[in-house]
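Some notes on the structure that comes next.
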Amino acid sequence: MTHPNSSFDPKAFRRALGLFATGVTIVTTRAADGTPVGITANSFNSVSLQPPMVLWSLAKNARSLASFSECGYWNVHILSNEQEALSNRFARAGEDKFAGMALDQSANGVALIPDCTARFQCRNAFQYEGGDHIIFVGEVIEYDASQRPPLLYVTGNYALAARKAAPISTETQADPGAAVYSENLLGYLLGRAHYQFLDKLRRPLAERGLTEADFFVLSVLIVSQPLTIEQIAAHVAYTGIDIGAVALQPLLTRGLLEPDAQNPQALRLSPAGSDAILHVLAAAKAVEADLIDRIGEMEAASLRNLLKQAISATDPGLPKLWQAAKE
Ligand SMILES: Cc1cc2nc3c(=O)[nH]c(=O)nc-3n(C[C@H](O)[C@H](O)[C@H](O)COP(=O)(O)O)c2cc1C
């Protein structure tokens, strides 16, 4: 059958369809010989609440087509933001997709992948022709859901979800300054978020007689040590604070830092220094937990992702602190 619009440019058509943001799922079943089968699919959707039904579609050229067409049950796994590697693994034909994976027990005998955002165990109820795909409709027999932020897929890329924020205040259009300096200015948003977050750390820092510069130095060393003064200065340079021997002297005098036994040019935290920074970092963790409580896990994951993008896009070429720590 020829369709009136089969002249669509396939790439452009795919791109247009890719503008519809979806989650990412892995659908699993059992082959006739009992081996587990699974594929990554973002064509998943809800169909009916009563009875509970869902659907997804499978390309007719998929190697798993026969298994899904003939099976009695399949399970849909909504992937979490930490399961991108699993999505890629199940999107590649050929390899043993389940190799080395721990699986949960399922009532229907079909592979059930752990640590997902949500899972739906389904009876293979109906199949429909859908052009070059087969549409599978399943009746949901059991399901479970967690708080894990879901992985999304849009414009051919993995993405994270976040609710849209309400405006901080109502902008006054009449003010000419509002065009240049508005509540949407990224510098304002980053700066304000930073200061409001740091504000809660000022007390624990003051209690230990630590300045913001001390805090940066000690927190660099808790990740990677020993470091020379130059190395510490390079890691902290993004703050605009100039760390040198003079700045570090009070920390040495107070016994919070000490020269490394093997390399006296390099410094490390003393037990008292470790104790002090761990105390402040525990306070930072508590502020973070409170923030996540208020904005939600999904938004926190999204915020981390966007901040990492902003940091990488504006990185003046700082040494990689965490990478250095792993080496
Ligand atoms: C994010 C994402 C979504 C996908 N969605 C679908 C889908 O809905 N249906 C489909 O047939 N293939 C989809 N694929 C491609 C299949 O996962 C891929 O072709 C897989 O290798 C098929 O496995 P099989 O050939 O072993 O059956 C998707 C791939 C990715 C990365």
Side-chain angles (χ1 to χ4, degrees), residues 8 10-48 53-101 103 108-113 115-122 124-140 143 148-161 298 301-302 305:
F8 283 168
K11 273 195 185 147
F13 184 53
R14 255 172 177 269
R15 249 197 321 274
L17 292 174
L19 294 169
F20 185 63
T22 66
V24 182
T25 75
I26 289 175
V27 192
T28 55
T29 192
R30 265 159 65 108
D33 65 2
T35 51
V37 170
I39 79 144
T40 299
N42 69 337
S43 51
F44 173 76
N45 220 320
S46 56
V47 175
S48 160
M53 297 180 107
V54 296
L55 69 74
W56 64 287
S57 61
L58 178 63
K60 284 183 180 168
N61 63 6
R63 290 151 57 111
S64 53
L65 181 69
S67 302
F68 281 107
S69 303
E70 290 153 20
C71 71
Y73 297 92
W74 37 261
N75 294 340
V76 181
H77 307 76
I78 297 187
L79 300 187
S80 84
N81 67 331
E82 292 183 353
Q83 291 178 313
E84 189 179 324
L86 217 50
S87 167
N88 290 333
R89 186 205 277 221
F90 279 81
R92 276 192 286 270
E95 65 176 277
D96 179 8
K97 300 178 182 180
F98 290 88
M101 274 178 71
L103 297 170
N108 59 23
V110 172
L112 201 54
I113 300 170
D115 304 327
C116 298
T117 295
R119 305 185 294 193
F120 301 91
Q121 299 182 43
C122 303
N124 195 2
F126 303 105
Q127 296 178 36
Y128 301 99
E129 278 287 321
D132 55 11
H133 280 59
I134 299 287
I135 302 161
F136 288 88
V137 177
E139 185 187 353
V140 182
Y143 77 94
R148 296 183 185 90
L151 182 65
L152 300 194
Y153 198 70
V154 65
T155 62
N157 297 292
Y158 293 114
L160 293 175
M298 192 170 75
S302 196
N305 172 48

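Order of appearance sets the numbers: ligands from 1, and atoms from 1 within every ligand.
The residue Phe44 has no part lying near ligand 1, judged by heavy-atom distances below 4.0 Å. Under 4.0 angstrom from ligand 1, the non-hydrogen atoms of Lys97 all belong to its side chain.
Remark: among candidates Ala59, Gly18, Gly156, the nearest residue to atom 11 (O) of ligand 1 is Ala59, based on non-hydrogen atoms. Between atom 7 (C) of ligand 1 and the options Ala93, Ser57, Ser64, the minimum heavy-atom separation is to Ser57.
Looking only at distances, no side-chain donor or acceptor of Ser43 sits under 3.5 Å from a matching main-chain atom of Leu58.
Applying the 6.0 Å contact sphere to CZ of Phe44 captures more than 12 heavy atoms from other residues, nucleotides or ligands.
When only interatomic distances are considered, the shortest N/O to N/O separation between Thr40 and ligand 1 falls below 3.5 Å. Close N/O approach between Ser43 and ligand 1 is found [any backbone or side-chain N/O within under 3.5 Å]. Checked against a 3.5 angstrom limit, the closest N/O atoms of Asn42 and ligand 1 fall inside it.
Heavy-atom minimum distance, Leu65 versus Ala59: CD1-O, 4.2 Å. Heavy-atom minimum distance, Ile113 versus Thr28: CD1-CG2, 4.1 Å. Between Phe68 and Phe136, the shortest heavy-atom distance links the atoms O-CE2, 3.4 Å. Considering every non-hydrogen atom in both Lys97 and Gly38, the closest pair reads NZ-O, 2.9 Å.
For ligand 1, the atoms sitting less than 4.0 Å from at least one non-hydrogen atom of Leu58 are 11 (O), numbered in the order shown with element in parentheses. Close contacts of ligand 1 with Phe90, meaning ligand atoms under 4.0 Å from a residue heavy atom, involve 17 (O), 20 (C). Using a 4.0 Å cut-off to heavy atoms of Tyr153, the atoms of ligand 1 that qualify are 1 (C).
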* **Check against side chain to side chain donor-acceptor pair (under 3.5 Å), Asn75 and Tyr143** => CA-CA 9 Å; Asn75 294 340; Tyr143 77 94; over 6 Å; no
* Asked: Run the side chain to side chain donor-acceptor pair (under 3.5 Å) check on Tyr73 and Thr29 step by step: do they pass?
  -> CA-CA 6 Å; Tyr73 297 92; Thr29 192; over 6 Å; no
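Ionic pairing of Glu70 and Arg30 is not present here: no N-O contact between side-chain nitrogen and carboxylate oxygen is shorter than 4.0 angstrom.
The protein non-hydrogen atom at the shortest distance from atom 25 (O) of ligand 1 is Arg63 N, 3.0 Å. Protein heavy atom at the shortest distance from atom 22 (C) of ligand 1 is Ile39 CG2, 3.9 Å. With respect to atom 20 (C) of ligand 1, the closest heavy atom belonging to the protein is Ala91 O, 3.4 Å.
Put simply, no part of Trp56 is less than 4.0 Å from ligand 1, judged by heavy atoms.
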